[in-house]
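Predicted, not measured: the structure shown is a model, and the values here were computed from it. Excluded from the calculations below are hydrogen atoms, water molecules and symmetry mates; all remaining heavy atoms, backbone and side chain alike, are included.
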Amino acid sequence: MDRSSLFQLIQEQLDPENTGFIAVENFTSLVEHHELQLDPSKLDMLLALVQSNEEGQVCYQELIELMTSKRSSSFRRAIANGRRTLQREILLDETGLGLYKRFVRYVAYEILPCETDRRWYFHQNRLCPPPVFIAIVTIVQIIVFMCYGIMLNKWVLQTYQPDFMKSPLVYHPGHRAQVWRFFSYMFMHVGLEQLGFNALLQLMIGVPLEMVHGILRISLLYMAGVVAGSLTVSITDMRAPVVGGSGGVYALCSAHLANVVMNWAGMRCPYKLLRMILALVCMSSEVGRAVWLRFSPPLPSSGPQPSFMAHLSGAVVGISMGLLILRSYEESLQKQCSWWVIVFSFITFLLFAIFWNIFAYELLGVQIPPPP
């Protein structure tokens, strides 16, 4: 009997009422009866998981994920070491929780679509290490904005000030050789409205994502959106500068929204339809504002205003790379073929953009506005 047939037999005979749990004794006898060659290490992990459950039952979904090696090695080791407590009650029934644990439960229901994953995250979550990446980026962006606001005595439409565009952090096509500008532009913002919008989304969406998926994956996603934003502008809007962290912000937001849509039935966040519509309206309005400032500047300026293409490229990164990351909670990305396809595609884009920035401007005779 192949593995898929066994899974179907398990669900039909041992869990006919679709409770999601089966007794370990019944499962063991079924395995022996059908002479299935089961990896001893996986069987040991299964027994360790069952022993942590007072009723001697195992979750059907956990059984499938253990036998198919879907979970990461850290997840499987946690089960083998007996650190996983699988409880029948859903998290919403938990009582007597402190403020932090209630917040962790809120994050679990905001981010994860599966009740098993939500329980796993809730019981293994620790305050250390804290979600520092998004917090540090936001704080630095606010400090940089405050410094330039005081220096220029201007808090909106700062890009119309020549001294603002002279900043070593702004990406300008005339300074393409200064590689750090392809990253550092995320710390500069057009004005208080753009900073407020980006900071709010970063904290509301980025911090919960970082709590669940970890600093490495979320920082990778954010920075991939930032780099893709500046490189896309250098290809599609060759005369325009770039400021703002919108590339990274839109990568996070689009990945989260796409994950909610793909797992609509499993998501338990309240008012999810209303919130999704509101998020899409706000994100579309921000893109519209950026397009307006780019092509119809309200004030006279000495050169092109910042491009809006970073928003769109960040969204593309989020829907591709970000969606796979968010759908792979406690799973190894390196073992997924689709992950390597996305990595290869992103590296190909990077190489193309590098060659474009080196050769295309001169070959096409693009008239770049003089750098400030």
Side-chain angles (χ1 to χ4, degrees), residues 132-207 222-223 225-227 229-230 232-234 237-250 252-253 282-312 314 367-372:
V132 297
F133 174 76
I134 294 297
I136 291 176
V137 168
T138 305
I139 291 173
V140 173
Q141 289 173 341
I142 294 174
I143 292 175
V144 171
F145 176 78
M146 294 292 293
C147 291
Y148 277 92
I150 295 173
M151 181 177 65
L152 302 174
N153 194 25
K154 190 175 181 65
W155 303 96
V156 295
L157 300 178
Q158 291 183 347
T159 52
Y160 291 90
Q161 291 283 351
D163 290 338
F164 178 89
M165 300 304 293
K166 293 179 181 179
S167 169
L169 302 178
V170 174
Y171 167 81
H172 190 280
H175 292 307
R176 299 190 314 281
Q178 299 175 358
V179 179
W180 72 84
R181 292 177 180 262
F182 287 90
F183 301 87
S184 62
Y185 79 93
M186 71 179 187
F187 298 114
M188 305 291 289
H189 287 82
V190 173
L192 186 61
E193 69 286 353
Q194 186 189 26
L195 173 66
F197 179 81
N198 285 348
L200 182 63
L201 287 183
Q202 283 178 180
L203 295 175
M204 290 182 60
I205 296 179
V207 170
Y222 188 92
M223 295 308 299
V226 169
V227 175
S230 55
T232 300
V233 171
S234 71
D237 199 359
M238 300 171 67
R239 301 181 68 249
V242 188
V243 296
S246 298
V249 172
Y250 274 63
L252 295 179
C253 294
C282 292
M283 293 172 66
S284 301
S285 301
E286 172 62 17
V287 173
R289 188 193 68 87
V291 173
W292 170 63
L293 291 177
R294 173 67 180 90
F295 295 111
S296 299
L299 297 175
S301 60
S302 58
Q305 286 299 294
S307 176
F308 59 91
M309 291 302 298
H311 299 71
L312 304 182
Q367 297 297 321
I368 302 175

Looking at every heavy atom in both [X] and [Y], which two are closest together, and how far apart are they?
X: S307; Y: A240; value: CB-CB, 3.8 Å
X: V190; Y: P306; value: CG2-CG, 4.4 Å
X: M188; Y: F164; value: CE-CE1, 3.3 Å
X: I205; Y: C253; value: CD1-SG, 3.6 Å
X: G206; Y: L252; value: CA-CD1, 4.0 Å
X: A310; Y: Y185; value: CB-OH, 4.4 Å

With distance as the sole test, does E286 use its side chain to make a donor-acceptor pair with the main-chain N or O of Q194 at under 3.5 Å? no
Between Y222 (side chain only) and Q202 (backbone N and O only), is there a donor and an acceptor less than 3.5 Å apart? no
Distance (rounded to the nearest 0.5 Å) between S234 OG and R181 CZ: 14.0 Å
For F182, what residues pass the ring-ring contact (aromatic ring centres under 6.0 Å, His included) criterion, not counting sequence neighbours? Y171
Under the rule for side chain to side chain contact (heavy atoms under 4.5 Å, CB included), what residues qualify as partners of A290, not counting sequence neighbours? F308, H311
For L203, check side chain to side chain contact (heavy atoms under 4.5 Å, CB included) against everything at least two apart and list the hits. I134, T138, V207
With a 4.5 Å cut-off on side-chain heavy atoms, are [Y] and [X] touching?
X: S246; Y: N198; result: yes
X: Y160; Y: P297; result: yes
X: F197; Y: H189; result: no

With side chain to side chain contact (heavy atoms under 4.5 Å, CB included) as the test, would you mind laying out the steps for F145 and L192 before giving the verdict? CA-CA 8 Å; F145 176 78; L192 186 61; 3.8 Å; yes
Taking salt bridge (charged side-chain N to carboxylate O under 4.0 Å, His left out) as the test, write out the residues that go with R294, two or more places apart. D237
Please list all pairs passing the salt bridge (charged side-chain N to carboxylate O under 4.0 Å, His left out) test where one or both residues lie in residues 132-142, with sequence neighbours left out. none
Under 3.5 Å, which donor-acceptor pairs do the side chains of residues 147-159 form with other protein atoms, sequence neighbours left out?
| from | atom 1 | to | atom 2 | distance (Å) |
| --- | --- | --- | --- | --- |
| Y148 | OH | S167 | OG | 2.7 |
| Q158 | NE2 | K154 | O | 2.8 |
| T159 | OG1 | Q305 | OE1 | 2.7 |

